[in-house]
Amino acid sequence: MSVLVFLENWDGKFKKLSFELVSYASKLAGMLGEEVVALSIGQVDTAELEKPALYGASKIISIEDGNLKSVDEQAYTALIAGTATQLGAGVVILSNNNNGKSLAPRLSVRLKAGIASGVSRLPVSVSPFVVYKKVYSGKAFSNVEIKTPVKILTLAQNSFELIENPKPAVIEKSTAQADAQLMKTRVTEVEKQTGKILLTDADIVVSGGRGMRSADNWGPLLEMAELLGAATACSRPVSDEGWRPHGEHTGQTGKIIAPNLYFAIGISGAIQHLAGISSSKYIVAINTDKDAPIFEAAQYGIVGDALKVLPKLVEKLREVKSK
Amino acid sequence: MKILVCISNVPDTTTKVKFVDDLRKLDVNGIQWVINPWDELALTRALELKEDASNAVQMVTVAHVGPASAEPTIRKALAIGADDAIRVNTDPEDAFVVAAQLAEVLKADPYDIVLCGIESSDHNGSTVGGMLAEMLEYPSVSCVSSLRIENGQPVVSREIDGGKETVSVPAPFVAVVQKGIAKEPRIAAMRGIMSARTKPIRVFEPKAIDGLTGVTGYEMPKPRAACKYVDADNAGQLIELLQNEARVF
Ligand SMILES: Cc1cc2nc3c(=O)[nH]c(=O)nc-3n(C[C@H](O)[C@H](O)[C@H](O)COP(=O)(O)OP(=O)(O)OC[C@H]3O[C@@H](n4cnc5c(N)ncnc54)[C@H](O)[C@@H]3O)c2cc1C
């Protein structure tokens with residue numbers, strides 16, 4: 001038996017979330033007395049394929065079929081399910097990111113495997129298999145029992161730390177191919193965001209709300225993000241107004257993130273906004289209204305005008321960073 | 001072309017959730033139930049597509065798996081503009097049961113485009129749409145932020161980590177939709193509310209289907225440590241605290 005991890009790649013590279021998955025799988029495999037097998041689909045070179053072993057994978061299977069440049073949900077499901085069945089995997093783990101969300105439910109039906117999505121902790125117990133997850137958009141948690149012999153988990157990004165656990169690993173290049181009959185979707189255009197830190201990947205996020213007053217006031221906020229190597233975000237009304245791009249909107253109906261540090265600047269802290277950011281390790285609030293609900297979620301706060309506070313923070317950061 | 005929109009009946013997003021029965025059940029007292037926000041956007045987009053005659057969409061149906069108590073939410077969807085509704089009469093144990101009951105109905109009465117929201121705001125599962133697609137052996141595209149019909153062929157945009165893809169996909173298929181699919185959810189007008197009263201809700205009795213998961217109990221989040229305030233005039237001190245106390249950079 002084994003714990004199978006599906007590893008997506010980005011232009012042939014894994015990223016932090018891939019190793020979070022392997023770290024999680026490795027701890028879970030320890031609880032079960034099993035081994036971790038990582039499955040990579042797509043073109044990834046050997047040096048990269050060796051990396052999952054650093055976090056505890058004993059075997060890395062690489063399916064390189066050149067036809068699999070973008071995800072076809074049916075074809076990918078068949079390949080992952082085929083591998084899981086062949087290995088007799090008891091648990092299959094994917095990220096709770098876009099592609100993980102696309103594939104996990106199809107796999108669940110394929111493998112007759114119950115699913116717990118967006119988990120952030122190891123199971124409370126493995127027999128019965130009970131795992132803790134966020135529900136009601138972070139307002140509560142539930143303990144979900146997966147009753148089927150095979151289990152599927154999707155892991156929330158940035159919620160599980162990397163744990164080095166080097167293993168001698170076997171890399172197996174598989175000749176498995178996507179079933180052409182299943183490939184019914186056709187990608188006609190790809191638009192990629194380049195050079196910017198992805199909001200979902202970022203350790204630090206600087207976010208502005210309606211309290212920033214207008215699109216023209218974003219300068220110091222962007223500068224602070226730049227100095228911190230942070231991604232930028234915003235509340236929904238800000239993207240609705242067109243002050244910032246839609247991709248930056250965080251919250252219940254936008255992106256759900258869990259950075260180490262989240263700056264909420266001129267954001268009131270509406271429950272729908274908190275739904276997207278409440279898993280952040282530290283929240284800093286800057287708001288003119290001392291009674292704004294954001295201060296209840298924050299660990300650090302400044303009651304004051306963002307437009308006056310931000311330049312001071314930038315100044316101090318420059319000083320700190322130049323040391 | 002026929003479009004089906006699967007809707008989930010959820011507590012209004014401002015609800016302060018509480019649990020009863022030794023933290024085993026949601027306290028439904030005083031909860032206002034609404035159409036899941038993403039499903040509401042999906043319905044809005046389906047109606048927009050139908051209104052443009054060139055798309056040749058004849059019918060927009062909403063489907064819900066749940067007890068009769070969910071009918072006010074279904075009526076809301078009819079008031080917003082759905083032509084008719086399907087309800088499978090059972091209180092589902094998990095998302096798998098929801099998908100399986102819908103699949104049973106759809107096998108007998110297929111739709112060309114099936115829309116599901118990216119998640120239901122109660123259990124945050126992101127699972128029903130993909131499960132349904134697999135059960136029906138339909139292609140699916142998830143994380144969809146736009147949907148149009150070009151010469152009879154559905155074309156969607158899908159969000160990927162760090163970008164966007166345009167994907168064409170043959171009907172019948174399932175689109176799992178999120179932010180962007182419609183600008184604002186449509187609100188029911190008076191005429192819609194009147195006509196919703198007489199629109200048909202087709203009720204199906206459930207098939208015997210067991211869930212794959214169960215909730216053993218709920219927990220409330222631990223209260224966070226109280227906020228530590230820094231004086232606005234001395235804002236730079238915040239940076240020192242983040243660096244030396246929280247050690248986040
Ligand atoms: C179904 C549904 C889903 C939703 N989903 C989301 C979502 O995903 N994400 C989201 O963000 N919202 C969402 N909302 C909207 C949400 O309810 C709030 O309206 C929104 O989050 C408020 O954004 P805001 O904090 O930027 O603006 P406001 O609520 O207007 O708050 C602005 C804040 O800025 C402060 N302020 C004003 N001037 C200054 C200044 N000069 N310096 C410092 N502070 C200042 C004010 O005190 C106030 O606290 C949703 C709503 C619904 C109904």
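To find a chain, count down the sequence lines: A is the first, B the second, and so on, and within it residues start at 1.
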Between chain B and each of [options], count heavy-atom pairs under 4.5 Å; write down the option with the most.
options                        : result
A/I271, A/I283, A/L310         : A/I271
A/A116, A/G114, A/A270         : A/G114
A/G254, A/G301, A/S142         : A/G301
A/K316, A/E145, A/R106         : A/R106
A/I115, A/T200, A/L107, A/N260 : A/I115
A/A140, A/G304, A/G247         : A/A140

Contacting moiety of [X], where chain B heavy atoms sit under 4.5 Å:
X      : answer
A/T288 : neither
A/Q252 : both
A/Y132 : side chain
A/V190 : both

Whether [Y] and [X] form a salt bridge (side-chain N of Lys/Arg under 4.0 Å from carboxylate O of Asp/Glu) is what I want to check.
X      : Y      : answer
A/K312 : A/E315 : no
A/K192 : A/D11  : yes
A/K147 : B/E93  : yes

Heavy-atom distance under 4.5 Å to chain A: side chain of [X], backbone, both or neither?
X      : answer
B/L26  : side chain
B/I118 : side chain
B/P139 : both

Contact winner vs chain A - [options], heavy-atom pairs under 4.5 Å:
options                        : answer
B/S126, B/A225, B/A235, B/A246 : B/A246
B/L241, B/D161, B/V248, B/V17  : B/D161
B/K18, B/H123, B/K16           : B/H123
B/D233, B/N234, B/D210         : B/D233
B/D122, B/I160, B/T127         : B/D122
B/V169, B/V176, B/L242         : B/L242

Who pairs with B/N9 by side-chain hydrogen bond (donor to acceptor under 3.5 Å, both in side chains), at least two apart in sequence or on another chain?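 Applying side-chain hydrogen bond (donor to acceptor under 3.5 Å, both in side chains) to B/N9 gives B/T73.
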Is there a donor-acceptor pair closer than 3.5 Å between any side-chain N or O of [X] and the backbone N or O of [Y]?
X     : Y      : result
B/D12 : B/Q32  : no
B/N36 : B/V10  : no
B/D94 : B/L212 : yes

Kindly give the heavy-atom pair with the smallest separation between B/C227 and A/Y300, and that separation in Å. SG-C, 3.6 Å
For the student: nearest non-hydrogen atoms of A/L227 and A/K321, plus distance: O-CE, 3.4 Å
From CA spacing to verdict: side-chain contact (heavy atoms from CB on, under 4.5 Å), A/D201, A/K16: CA-CA 8 Å; A/D201 288 345; A/K16 183 164 162 259; over 6 Å; no
What's the verdict on side chain to side chain donor-acceptor pair (under 3.5 Å) for A/S70 and B/E165, showing C-alpha distance, side-chain angles and the deciding distance? CA-CA 9 Å; A/S70 56; B/E165 288 175 344; 4.5 Å; no
